Amino acid sequence: MADVARAAGVSPALVSIVMRGVGGASDETRARVLRIADELGYVPDRRAQQLRQTASRLIGVTFEVQQTFHGDLVEHLYAAAAERGYDVVISAVAPTRTEREALRTLLRERCEAIVMVGSRLSDNELHEIGSQLPAVVVARASGARDVSSVRSDDIAGVGLAIEHLVSLGHRDIVHIDGSDAPGSVDRRRGALDAGHRFGVDVRIVAGGPTEASGAAATRGLLAAGSLPSGVVAFNDRCAAGVLDTLIRAGVDVPGTVSVVGYDDSRLAELSYLQLTTVSQNASELSRSAIDTALALVSGLHPDPVVLTPRLVVRSTTGPVGAAV
């Protein structure tokens, strides 16, 4: 606060007034102080403030607004927090809004902890957040010792998908990966490990977490004449792009190609998709995330939570060579 005051040419008391959002500073001064504070990377120490204030009983949540499964998690986070007497403040990550910006908004609020859904921050950046407020990442591991994690076992999850396809007779299987999305490394490893375990050919094809990336990967397979009999997509959105492209190309699903998604998001249940997928159990992930966040608030150091996924079979998978 003193650094901001010196740079802005005002007193620390006036900086405090601006940061607390109370009257006593002109609009021009307030704008200048906030701009300089942002440039210097200053964030009010909410932990210190909460020593003088009643607990807010608020948990901040960041999530990617374009990811269907993240929206499912947010819905369950609200319910899990309410069961424990807390409320949730959300701050979305969007194409025009970075994760750092979303977090900066929550750090200015009087949240007791932050839950970061599918965070893409580096371990050093996570450590920076964890040093300011109790923090939990969801749907990925944390390499920062002061930031806890809650996730599904993605290696085992993709293994379930490969095992399902193998049980239906598929021997030529493609995994369309998630590029740099959280969880993509483990899912690639899970696909390759399962292929080795079951003695089948599993090819890794570059993809991503969106419908467009799934469609692009599938167009590439069609153009190369190397269409497999089974596809395991990085997530349900990617799988939706795969399905759309196959159907437009006149490829029978699941008669010629079986498709498996990942997440069991609300997208997978749509009547025109009925996608076979791997469930991460959004409700259980959310409850574990809230419990972990509150344990951190209490001064505990909870172990990472790794949940067991399960396969949900619907209509996009079937025996190999079943096309009429």
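For clarity, every value in this text was computed on a predicted model and none was experimentally measured.
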Between the main-chain N or O of [Y] and the side-chain N or O of [X], is there a donor-acceptor pair closer than 3.5 Å?
X	Y	result
Q274	E269	yes
T316	S258	no
T218	T245	no
D153	T308	no
S142	A144	yes
S184	S179	yes
R188	D177	no
S279	N281	yes
Q132	E128	yes

Can you give me the closest heavy-atom contact between [X] and [Y], atom names plus distance?
X	Y	answer
A217	A206	CB-O, 3.6 Å
A92	A102	O-CB, 3.7 Å
G195	V202	CA-CG2, 3.6 Å
V147	G130	CG2-CA, 3.8 Å
G255	D252	CA-OD2, 2.9 Å
S286	A80	O-CB, 4.1 Å

Hey, are [X] and [Y] close enough for a salt bridge, meaning a charged N less than 4.0 Å from a carboxylate O?
X	Y	value
D38	R35	no
E83	R287	no
R248	D244	yes
R203	D172	yes

Would you say the side chain of [Y] lies within less than 4.5 Å of the side chain of [X], judging by non-hydrogen atoms?
X	Y	answer
V18	V10	no
V93	H70	no
D146	H127	yes
D154	R140	no
E284	H76	no
Q67	D263	no

Worksheet item: Excluding sequence neighbours, so at least two apart, what forms side-chain contact (heavy atoms from CB on, under 4.5 Å) with S26?
Response: E28, T29
Worksheet entry | Audit row: V278, R310, side chain to side chain contact (heavy atoms under 4.5 Å, CB included) steps and yes/no | CA-CA 6 Å; V278 177; R310 63 185 178 86; over 6 Å; no
Side-chain heavy atoms under 4.5 angstrom apart, residues restricted to Ile, Leu, Val, Met, Phe, Trp, Tyr: same cluster for [X] and [Y]?
X	Y	result
V232	F234	no
M19	L40	yes
V185	V137	no
L133	V297	no
I114	L58	yes

Result block: side-chain N/O donor-acceptor pairs under 3.5 angstrom for residues 155-169, not counting sequence neighbours:
{"residue": "H164", "atom": "NE2", "partner": "T317", "partner atom": "OG1", "Å": "2.9"}
{"residue": "S167", "atom": "OG", "partner": "H164", "partner atom": "O", "Å": "2.5"}

Check this for me: [X], atom [atom1], are more than 12 non-hydrogen atoms of other residues, nucleotides or ligands nearer than 6.0 Å?
X	atom1	value
R97	CZ	yes
R84	CZ	yes
R104	CZ	yes
R100	CZ	yes

Return the [atom1] to [atom2] distance between [X] and [Y], rounded to the nearest 0.5 Å.
X	Y	atom1	atom2	value
D264	T68	CG	OG1	12.0 Å
N235	E211	CG	CD	8.0 Å
S288	R151	OG	CZ	13.0 Å
Y262	C238	OH	SG	14.0 Å
L300	S148	CG	OG	10.0 Å
M116	E125	CE	CD	10.5 Å

Practice prompt. Go through the structure and list residues passing salt bridge (charged side-chain N to carboxylate O under 4.0 Å, His left out) with R120, not counting sequence neighbours.
Written response: E64, D180
Worksheet item: Taking the hydrophobic residues Ile, Leu, Val, Met, Phe, Trp and Tyr, and joining any pair whose side-chain heavy atoms are under 4.5 Å apart, which ones share a cluster with L221?
Response: V174, I176, V205, L222, L227, V231, V242, L243, L246, V251, V253, V257, V259, L267, L270, Y272, L273, L275
Worksheet item: Mind checking who shares a hydrophobic cluster with V117, ILVMFWY linked at side-chain heavy-atom distances under 4.5 Å?
Response: I59, V61, F63, V65, F69, L73, V74, L77, Y78, Y86, V88, I90, V115, V136, V138, V150, L285, I290, L294, L296, V305, L307
Worksheet item: With a 3.5 Å cut-off and no angle check, do the side chains of S265 and R237 form a donor-acceptor pair?
Response: no
Discussion item. Assess, by modelled atom type and distance only, whether the side chains of E99 and T62 contain a donor and an acceptor separated by less than 3.5 Å.
Written reply: no
Fill in: Set of residues satisfying side-chain hydrogen bond (donor to acceptor under 3.5 Å, both in side chains) with respect to D186, sequence neighbours excluded
none
